[in-house]
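These notes concern the structure reproduced below.
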Amino acid sequence: MFAWLRRRRRVRLGKQGLPADLVQWLEVLPFIDHLNSEERKRLEALVCVFLAEKNFEGCNGLEMRDKIRVVIAAQACLLILNLDHVFYQKVKTILVYPSTFRHRSQQTTAGGVVENREHTNLGEAWPNGPIVLAWDHAYQGGRNPDDGQNTVFHEFAHKLDMLDGITDGIPPLTLAHEEDAWRMRMDAAALRHKEMAQRGVPLFLDKYGATHPAEFFAVATEMFFERPRDLQKREAEVYDLLMTFYRQDPAASKS
Ligand SMILES: [Zn+2]
């Protein structure tokens, strides 16, 4: 679709707002209560476009329903509340399983032997593929807004990181000079976290964030939206960096 045509369609969809039968599913998410009326309107507009443009598929017998689509879309759109749809341009399909799902992968050991491995997952984000979510966790994550864990935030943060083609924990920033400074500070924070994890120091951010800078960005995003005041207190620099990228200050609004 031509860019101008898409833009016009998005404006039209956004203005229509969410129909009442869908708004009820938005309201099962407590984070909605922390938005002011302008933000709430903007979120609804983003959700309208998201629902129109993204393809949701139920897997393992899960029947796709409005509740599932809205609950996932609303959480995903909170991340881009002050950004733009372009940040999710690589999100085409969201596969939803009823619960945790199995993922098979092949890994080569140090000795060069290819091993088939199977993991149980709550969510996945593929660089040029879908987002995969376990519905029960996606729902509970949204219903429980301040435990610092949210699979939808986590996987969509990966998609933001992947937008520039590299999964490195550094999402695309608008200005080049801003990006260099941001990258250095974020890399340093991820490294500090990893070193603390290795030393066995008690961590505020999830230990999983020590496995890769991309995971650090994803777990920090979960905390940024769920426990912003704690993040600001415990990891002020990470909070500042995420505030710059997301253009949101949830510690100020989530009181
Ligand atoms: Zn991850």
Side-chain angles (χ1 to χ4, degrees), residues 54 56 59 71-80 83 87-97 99-107 117-142 144-173 182-183 186-198 203-228 231 235 238-239 241-242 245-246 250:
K54 314 302 181 198
F56 284 82
C59 304
V71 164
I72 291 172
Q75 295 180 73
C77 288
L78 180 67
L79 270 57
I80 58 160
L83 300 172
F87 280 83
Y88 283 155
Q89 66 184 0
K90 286 197 176 171
V91 178
K92 309 277 187 221
T93 297
I94 298 123
L95 302 178
V96 190
Y97 285 79
S99 188
T100 48
F101 49 91
R102 290 188 175 281
H103 169 81
R104 281 189 201 94
S105 67
Q106 285 196 330
Q107 276 173 1
R117 297 205 179 150
E118 206 173 76
H119 325 260
T120 303
N121 267 351
L122 311 175
E124 285 174 0
W126 291 85
N128 292 306
I131 292 247
V132 192
L133 293 168
W135 166 235
D136 54 355
H137 286 83
Y139 183 63
Q140 280 314 317
N144 187 342
D146 43 28
D147 64 351
Q149 293 184 343
N150 184 302
T151 320
V152 179
F153 295 164
H154 185 106
E155 300 310 333
F156 279 84
H158 279 318
K159 274 292 189 185
L160 295 172
D161 174 12
M162 291 164 180
L163 184 59
D164 56 9
I166 313 158
T167 311
D168 57 354
I170 311 293
L173 293 139
W182 202 96
R183 170 185 294 278
M186 196 64 173
D187 279 346
L191 189 63
R192 260 194 322 270
H193 182 72
K194 188 177 167 185
E195 284 168 357
M196 279 162 64
Q198 283 167 345
L203 300 166
F204 172 66
L205 289 169
D206 197 301
K207 199 177 173 188
Y208 189 56
T211 58
H212 191 277
E215 297 305 340
F216 182 76
F217 174 67
V219 303
T221 292
E222 290 179 74
M223 218 45 119
F224 180 73
F225 286 100
E226 294 235 329
R227 293 175 56 192
L231 180 67
E235 292 282 350
V238 175
Y239 184 87
L241 291 166
L242 295 182
F245 170 63
Y246 286 110

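Note that ligands are numbered from 1 as they come in the structure, with each ligand's atoms numbered from 1 the same way.
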Listed once per pair and sorted, the side-chain hydrogen bond (donor to acceptor under 3.5 Å, both in side chains) pairs that draw on residues 130-139, sequence neighbours left out: Ser99-Asp136
Neighbour count above 12 (heavy atom, 6.0 Å) for Lys90 NZ: yes
Positive for ring-ring contact (aromatic ring centres under 6.0 Å, His included) with Tyr246, one of Phe87, Phe156, Phe153, Phe224: Phe224
The Zn ion (ligand 1) - number of protein N/O/S atoms closer than 2.8 Å: 4
Thr167 to Ala214 - nearest heavy-atom pair and separation: CG2-CB, 3.8 Å
Under the side-chain hydrogen bond (donor to acceptor under 3.5 Å, both in side chains) test, residues paired with Tyr97 that sit two or more places apart: none
All side-chain hydrogen bond (donor to acceptor under 3.5 Å, both in side chains) counterparts of Asn121, not counting sequence neighbours: Glu124
